[in-house]
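The structure appears right after this line, and notes come after that.
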Amino acid sequence: MADSKLLGAVILTRHGDRSGFYQDPKTYAATGTTITPLGAQQEFQLGQQLRSLYLNASSPSFIEGFNSTLVDQNQIHVRADAGGELGVIYDSAVALLQGMFPATTSDSTTLADGTNVTAPLGGYQYVPIESVEPANDVSLEGWTSCGAFDAATAAFYNSSEFAQKKSDSAAFLNLLPNFLDGRPVTLENMYNIYDFINVQSIHNAQFARALPPTFLAQVYTLASWHENGVFTSPQLDGIGNIPGRTILPLILAELRSIANASDPLKFAYQSISYKPFFSLFGMTGAVEQHPELAEIVPYASALAFEVRQPNAGGEPVIRLNFKNGTGNDFKTYDILGRTGDVPLSDLVNHVNPALINSTTMWCTACNNKQDRGCGALAAAASQASAAAQANSVHHERISPVGAGFLGAGLTIAVVLAMFGVLAFLGLLTVGRGRSKKTARVHSPTKSEENA
């Protein structure tokens with residue numbers, strides 16, 4: 001018999017298979033790419049697996065009260081990164097939700113004249129997806145336009161550890177130019193080398209036949225070492241952990257919502273790139289107990305933070321499950337140096353000192369005064385400073401009571417102006433994150449149109 005009851009889960013998935021992709025090894029600024037039919041199918045099948053796991057009444061991981069027939073928008077919150085890989089991550093979320101919430105004739109209504117109308121495509125369910133634009137929201141791409149992160153990456157490239165790895169891998173790298181498209185064959189560019197070889201190995205039969213059998217595994221190992229060095233930090237609040245430091249605040253908020261019996265949320269899902277997985281495995285201590293997690297997660301991998309209520313009572317606990325790519329089931333991993341589930345409060349207390357909870361905190365951590373809303377915040381702060389200075393200069397010319405009113409008026413005016421600027425730029429949201437509806441409504445795929 002299970003020793004706890006599953007209340008809900010927060011799921012993070014990497015996107016599915018895509019076409020070629022290139023990112024600057026110094027700043028990780030990326031070029032666009034597109035999802036492939038294989039990638040859509042991978043995510044669709046992952047959605048089916050999640051449905052079987054969490055929405056099947058006979059499953060030991062069934063989430064009681066989670067509507068398995070029609071999507072209840074109060075029970076689910078979905079976000080998708082709309083950054084460097086453009087529509088790939090968003091489209092992956094669409095495909096996953098198609099598998100998790102298939103079309104149903106129950107998605108119908110009876111009109112006043114007695115006519116019964118079913119939603120298009122046999123009852124297709126349009127699940128709201130919040131498209132997270134990096135220019136307006138730092139949570140899913142904390143590293144973008146972050147000067148401190150770029151400096152840390154450069155320091156890693158200049159480290160003795162990197163120099164040793166470069167020496168050790170030089171002979172192997174010298175064998176690769178004939179299998180590449182002219183991109184630099186350097187350890188600094190290792191992710192792009194791996195990505196090209198991986199994509200070609202999947203989609204180019206002639207290339208796959210010509211590539212020596214060990215090369216793909218070798219470039220994957222080197223690329224994983226490279227990315228782990230970039231997107232982690234020995235210190236919990238280190239800048240290398242910035243992907244985890246920005247995504248964790250909402251994860252924790254959603255875990256709390258699921259744990260709250262008066263909150264309807266049952267399932268939260270974030271569709272992301274591979275980068276935050278490194279930081280999350282490091283910050284939760286999972287990689288210390290399971291070193292194999294220090295690798296680039298394959299396409300359609302999934303990380304589940306399950307919220308459980310112990311049968312013996314007490315506060316809800318968290319169980320970390322991970323599915324390593326396609327063809328594998330979820331496996332439970334220990335975290336925080338413990339064995340078994342950990343109290344939600346322990347996870348919160350462990351990571352809380354390192355969290356970046358606002359754009360203002362991000363601007364400070366990244367030493368950015370211009371991008372991603374930092375310019376608006378800096379301007380508002382400058383206005384506030386100017387107003388305070390003006391108040392100080394003129395305070396002797398009016399009575400103390402008048403000065404008080406003047407100061408209050410200036411403060412209110414500046415605050416209102418600041419709120420106006422932030423709201424205009426889409427940087428200020430009042431209320432809980434999941435109350436914000438999607439900025440994009442997904443369209444059915446070609447296979448659905450032909451259904």
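All heavy atoms count here, side chains included; hydrogens, waters and symmetry mates do not.
- When atom types are taken as modelled, the side chain of Glu315 and the backbone of Pro343 share no donor-acceptor pair closer than 3.5 angstrom.
- The backbone N or O of Thr34 lies less than 3.5 Å from a partner atom in the side chain of Ser19, making a donor-acceptor pair.
- Nearest heavy-atom pair, Gln75 versus Phe66, reported as atom, atom and distance to 0.1 Å: OE1-CD1, 3.4 Å.
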Tell me, with the steps shown, if Asp195 and Arg18 meet salt bridge (Lys or Arg N to Asp or Glu O under 4.0 Å).
-> CA-CA 10 Å; Asp195 191 78; Arg18 51 158 174 72; 2.6 Å; yes
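- In the displayed structure, Asn367 atom CG is contacted under 6.0 Å by at most 12 heavy atoms of other residues, nucleotides or ligands.
- At a threshold of 4.5 Å between non-hydrogen side-chain atoms, the residues Leu320 and Phe305 count as touching.
- Not less than 6.0 angstrom separates the ring centroid of Phe281 from the ring centroid of Tyr333.
- The shortest side-chain heavy-atom distance between Phe179 and Leu211 falls under the 4.5 Å cut-off.
- Residue Ile35 holds its CD1 atom at 8.5 Å from NE2 of His15, rounded to the nearest 0.5 Å.
- Using a 4.5 Å heavy-atom threshold, the side chains of Thr326 and Tyr299 count as separate.
- Considering every non-hydrogen atom in both Leu377 and Thr359, the closest pair reads CD1-CG2, 3.7 Å.
- Counting only distance, with no hydrogens or angles, the side chain of Ser301 and the backbone of Arg14 share no donor-acceptor pair below 3.5 Å.
- Distance check for Cys374 and Cys363: the SG atoms are under the 2.5 Å cut-off.
- In terms of modelled atom types and a separation under 3.5 Å, the side chain of His350 and the main chain of Thr284 share no donor-acceptor contact.
- Note that the OG atom of Ser159 and the CZ atom of Phe156 stand 5.5 Å from one another [nearest 0.5 Å].
- Under the 3.5 Å distance criterion, the side-chain polar atoms of Arg183 are left unmatched by any main-chain donor or acceptor of Asn189.
- For an aromatic pair to be called close, the ring centres must be under 6.0 Å apart, and Phe215 with Phe172 satisfies this.
- Considering only heavy atoms from C-beta on, Ile202 comes within 4.5 Å of Asn198 through its side chain.
- Going from atom OH of Tyr274 over to atom CD of Glu85 covers 8.0 Å, rounded to the nearest 0.5 Å.
- A donor and an acceptor atom, one from each side chain of Gln23 and Tyr191, are nowhere located under 3.5 Å apart.
- Two residues are said to be in side-chain contact when any heavy atoms from C-beta on lie closer than 4.5 Å; Cys366 and Ile242 meet this criterion.
- By the 6.0 Å contact criterion, CD on Gln370 is open, its count of non-hydrogen atoms from other residues, nucleotides or ligands being 12 or less.
- Looking at Tyr157 and His226, their side chains come closer than 4.5 Å, going by heavy atoms from C-beta outward.
- Taking the centre of each ring, Trp362 and Phe149 stay at or above the 6.0 Å mark.
- A donor-acceptor pair is defined here as one N or O able to donate and one able to accept, closer than 3.5 Å; such a pair exists between the side chain of Gln125 and the backbone of Pro102.
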When you look at Asn368 and Ser145, which way does the side chain to side chain contact (heavy atoms under 4.5 Å, CB included) test go after all the steps?
-> CA-CA 8 Å; Asn368 192 320; Ser145 302; 4.1 Å; yes
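- Residues Pro134 and Gly83 share a closest heavy-atom pair of CG-CA, 3.4 Å.
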Kindly indicate, with the supporting measurements, whether the criterion side chain to side chain contact (heavy atoms under 4.5 Å, CB included) is fulfilled by Leu140 and Thr246.
-> CA-CA 7 Å; Leu140 299 189; Thr246 56; over 6 Å; no
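- The closest donor-acceptor contact from the side chain of Ser271 to the backbone of Ile89 lies under 3.5 Å.
- To the nearest 0.5 Å, atom CZ of residue Arg245 and atom CG of residue Leu236 are 8.0 Å apart.
- Residue Glu130 holds its CD atom at 11.5 Å from CG of Asp81, rounded to the nearest 0.5 Å.
- The two residues Val307 and Ala259 have their closest heavy-atom pair at CG1-CB, 4.0 Å.
- For Ser52 (side chain) and Gln48 (main-chain N/O), no donor-acceptor pair under 3.5 Å exists by modelled atom type.
- Crowding of Gln289 atom CD: a count of heavy atoms from other residues, nucleotides or ligands under 6.0 Å exceeding 12.
- Not a single donor-acceptor pair under 3.5 Å links the side chain of Ser201 to the backbone N or O of Ala208.
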Salt bridge (Lys or Arg N to Asp or Glu O under 4.0 Å) between Asp137 and Arg79, intermediate numbers included = CA-CA 12 Å; Asp137 188 326; Arg79 305 172 82 229; 2.9 Å; yes
Side chain to side chain contact (heavy atoms under 4.5 Å, CB included) assessment of Tyr194 paired with Leu222 | CA-CA 8 Å; Tyr194 159 69; Leu222 281 173; over 6 Å; no
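- Between atom NZ of residue Lys323 and atom CD of residue Gln49 there is a gap of 4.5 Å, rounded to the nearest 0.5 Å.
- Heavy-atom contacts from other residues, nucleotides or ligands closer than 6.0 Å to CD of Gln206 number 12 or fewer.
- Using modelled atom types, one side-chain atom of Ser59 and one backbone atom of Leu53 make a donor-acceptor pair closer than 3.5 Å.
- Taking each heavy atom of Ser61 and Tyr54 in turn, the nearest pair found is O-CD2, 3.3 Å.
- Of all heavy-atom pairs between Gly282 and Val287, the closest is CA-CG1, 3.9 Å.
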For Arg319 and Ser4, what are the C-alpha separation, side-chain angles and deciding distance, and is it a side chain to side chain contact (heavy atoms under 4.5 Å, CB included)?
-> CA-CA 11 Å; Arg319 179 177 300 175; Ser4 61; 3.9 Å; yes
Test log, rule salt bridge (Lys or Arg N to Asp or Glu O under 4.0 Å), inputs Glu188 and Lys166 = CA-CA 9 Å; Glu188 290 84 350; Lys166 182 180 289 188; 2.8 Å; yes
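- Side-chain contact between Leu344 and Arg256 is present, with at least one heavy-atom pair separated by less than 4.5 Å.
- Contact annotation: the side chain of Val88 never approaches that of Phe21 to less than 4.5 Å [non-hydrogen atoms, C-beta and beyond].
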